[in-house]
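The block underneath contains the structure these notes are about, expressed in C-alpha cells.
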Protein chains: 2
Amino acid sequence: MTATLHRLDKRTDPSLDPLMALVADDMNRVNAVILDRMQSKIPLIPELAGHLIAGGGKRMRPMLTLACAKLIGYGGTRHHLLSAAVEFIHTATLLHDDVVDGSDLRRGKRTANIIWGNPASVLVGDFLFSKSFELMVEAESLKALRVLSGASAVIAEGEVNQLTAIRRIDTPEDRYLDIIGAKTAALFAAACRIAAIVADRSDADEAALDAYGRNLGIAFQLVDDAIDYVSDADTMGKDAGDDFREGKMTLPVILAYARGDEESRAFWRDAVSGKRASDADLAHAITLIRSTRAVDDTLARARHYGQRAIDAIGRFPNGPAKDAMIEAVEFAIRRAY
Amino acid sequence: MTATLHRLDKRTDPSLDPLMALVADDMNRVNAVILDRMQSKIPLIPELAGHLIAGGGKRMRPMLTLACAKLIGYGGTRHHLLSAAVEFIHTATLLHDDVVDGSDLRRGKRTANIIWGNPASVLVGDFLFSKSFELMVEAESLKALRVLSGASAVIAEGEVNQLTAIRRIDTPEDRYLDIIGAKTAALFAAACRIAAIVADRSDADEAALDAYGRNLGIAFQLVDDAIDYVSDADTMGKDAGDDFREGKMTLPVILAYARGDEESRAFWRDAVSGKRASDADLAHAITLIRSTRAVDDTLARARHYGQRAIDAIGRFPNGPAKDAMIEAVEFAIRRAY
C-alpha cells in the first residue's frame, strides 16, 4: 500500500476554480440568503452593504464552510445559514476596518467610508453583525453559536491588539502572529469548524477542520502582508504601501528591521513612527525588504502554515473535496508571485 | 371589590431608589459578570470599556430585566447572564453612537472617542457586542438569543434611519417615532421580555413585559430629547443643545416647526441645515420651542407612553416589584422638570 502524500507547490498555476466548482450549488443558496438578509426598509443599508457584498469578494470564508461540509460528507442544509452568517461577520469587520484604517480603496473600488462616510459604515457594520447572529439563531445550533460568537470576540480583540501595536517598531514576531491569528485566522477556523458541528461529527473531526482553517488563515494573512511590499499597485486591488504608510508592523517589516544594519534600522524606526512616508521612502523600504529576503521568508512562513493546513485534513477521505481544499491552500500561497 | 388604579403623576418626587433596592442583590451578581467579561489580555479593552461601564450609568436596562423577573416571581439565575448581555449591547451602541455623533461629553465625562480615538471606540464596541452574544449563548436560551439578536439588528437599523434623517426638516413625527422605537425602545422591550422567556411564561406575559419596556423606552427617549431644549447645561451630563447643533430632528423641533409662522419656519430650515448653530441661535430655538409649547407637548406624549407602560403590567400581581416599576416610569417622565 502506498501512502498519498499531499505536498505544497505541486501545481504551477493553482486556482480557486475547483473549490468554486465544488460548492457552486450550495453557494447559490448562500448568496440568496445573503441578498435576502441584507435588505432593510432603510434604503441606505442594502445600498452600502451591497457595495461591499456584491463588490467582487471571493466569498472565501463561506466557501470554506461549504467545502468542509463536502469533505466530511454532510448532506444537509443547516450550514447554508451559518455560511451566510460567516460572510456577514466578515463584511462587518471589513466595514469597521476601513473606518479604523481610514482606507480609501478595497478590491480596487472606493471604500464605503469614503462614499457614505464613517458613521454609516460603522452602523451598517453593526447591522450586518446583528444579522449574522439572527442567522445563527435560525440555524438552531448553540454549539455553532458559541464558536462563532467566540470567534467574533477574538477578532475584535485582535483588531484592538493590532491598533495598539501600530507604529511600534519593537513589535515581536510572536505578537504579530497573535494579531493575525485573532483578526484573520479565528474566523477561517470557525468557518471550517462549524461544518463538523452541524454534521454532528467527533471532536477530532472538529479540531482537524479548525486546524485547516486556522493555518490557512495565517498563511493567507502572511501572504497578504507580503503582497503589500511586492505588488505592482493592483495585484490585490488595495493600495500598495498602505501598511507602510500606516506604520503597521507586519512580518516583512519585523524581519527587515531585525536583519538590518544600524543605518537601515534607523530608517525603519523613522518610517514606522511616520517620519518617512513618501513614495521614495516606500521604494527604499522595498529595497531593504528585498535585500534582507524579508518577503521571501514571510512567504516561507506562509508555506509552513499552508503545509500544516493540508496535513490537518489528511484524516479525511481523498477525493475532489480534499483536492479542491489543497489547491485552495496552494492558491492562497502562490498568489503573491 | 375595588379595582386598583395605577395612574401617573401620583408622587411628587419619584425616584429610581425602589427599583434599585428591589434588584440590589441580583445587580451585584450582574455587575460581577460585567466586570469579569469585559476583561482581556489586551489592556486597552478593559480600560476603555471600564471608562463607560464604571462611569456612572444607571444600568437601567439590566435593572429592568431583573425587576421583570421579580414581578413574575422568577426565582432562578438564568437572567443574570442575559442581563449583563443587555448592558454590553447598550454599552457597545453608546461607544458607536459617540463616534457617529462626534460627541465629546457623556454623563458629564469626556467620551471614549475623545480620549482614545474613534478606531479604539469602534473596535471595543465590537468586542463588547461579541461578548454580549457569548453571554447569551451561555444562558442557553435560543428564544432569548432570537429576541436579543433581533433587537440588535433593529437598533442598528434605527441608528441608520436617524443618520439619514439628520438635517432633514421634512422628517414627520411618524418617522421620528420609528427611529426612537428602534434605537431606544427595542432594547428596553427585549430587556423586559427575556425575563418572561427564561421563566418559561406564557406568550401573553411575554407580550405584556415587552409592551412595558417598549412604551417606557419611547417615553424615556422623548424626555431625553425634550431635555436637550430645557436643561440648564448639566441636567443630563450631556451637552445641552447637542441635538440642535447636529441638526437632529427630534420631536420638540418637529412640533415647533409644524406650529411656527413663516418666519420661524425659515429659521428652523436654516438651523436644521446647519446655517444657524451659534449660542444665540440655540437661545432663539429654545424661545420658539417654548412659545409653541413644543417641549410641553413632547412631555405630554411621553406621559401617554408612560401610562401605556403602566397599564401593560396591570395583569401582574400588585406588590413591591410592580410599585417600583411604576415609580420608574414616573421617574423617567418627571426627570425633565
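- Put simply, CG on A:Leu44 and CG on B:Leu163 are 7.0 Å apart, with the number rounded to the nearest 0.5 Å.
- In this structure, the portions of B:Asn161 lying under 4.5 Å from any heavy atom of chain A include both its backbone and its side chain.
- In this structure, chain B has no heavy atom under 4.5 Å from any part of A:Glu138.
- Distance check: A:Asp178 CG to B:Lys41 NZ gives 6.0 Å after rounding to the nearest 0.5 Å.
- Counting heavy atoms from C-beta on, the side chains of B:Asp126 and A:Glu159 never come closer than 4.5 Å.
- Considering OG1 of B:Thr164 and CD of A:Glu47, their distance stands at 10.5 Å, rounded to 0.5 Å.
- Both the backbone and the side chain of B:Leu142 come within contact range of chain A, with heavy atoms under 4.5 Å apart.
- Chain A forms the most heavy-atom pairs under 4.5 Å with one residue out of B:Asp101, B:Val160, B:Leu148, B:Asp97, and that residue is B:Val160.
- Of all non-hydrogen atoms in A:Ile45 and B:Glu157, the two that sit nearest each other are CD1-CG, 3.5 Å.
- Put simply, the side chain of A:Ser130 reaches to within 4.5 Å of the side chain of B:Phe129, judged on heavy atoms.
- For the pair A:Leu145/B:Leu145, a side-chain contact is recorded, criterion being any heavy-atom separation below 4.5 Å from C-beta on.
- The neighbour count for B:Arg29 CZ, taken as heavy atoms of other residues, nucleotides or ligands under 6.0 Å away, does not exceed 12.
- Atom CZ of A:Arg168 sits in a sparse spot, with 12 or fewer heavy atoms from other residues, nucleotides or ligands closer than 6.0 Å.
- Contacts between B:Ser40 and chain A at a heavy-atom distance below 4.5 Å involve backbone atoms as well as side-chain atoms.
- Using modelled atom types, one finds no donor on one side chain facing an acceptor on the other under 3.5 Å when comparing A:Glu134 with B:Ser149.
- At least one side-chain heavy atom of B:Arg146 sits under 4.5 Å from a side-chain heavy atom of A:Glu140.
- Counting heavy atoms from C-beta on, the side chains of A:Val99 and B:Asn118 never come closer than 4.5 Å.
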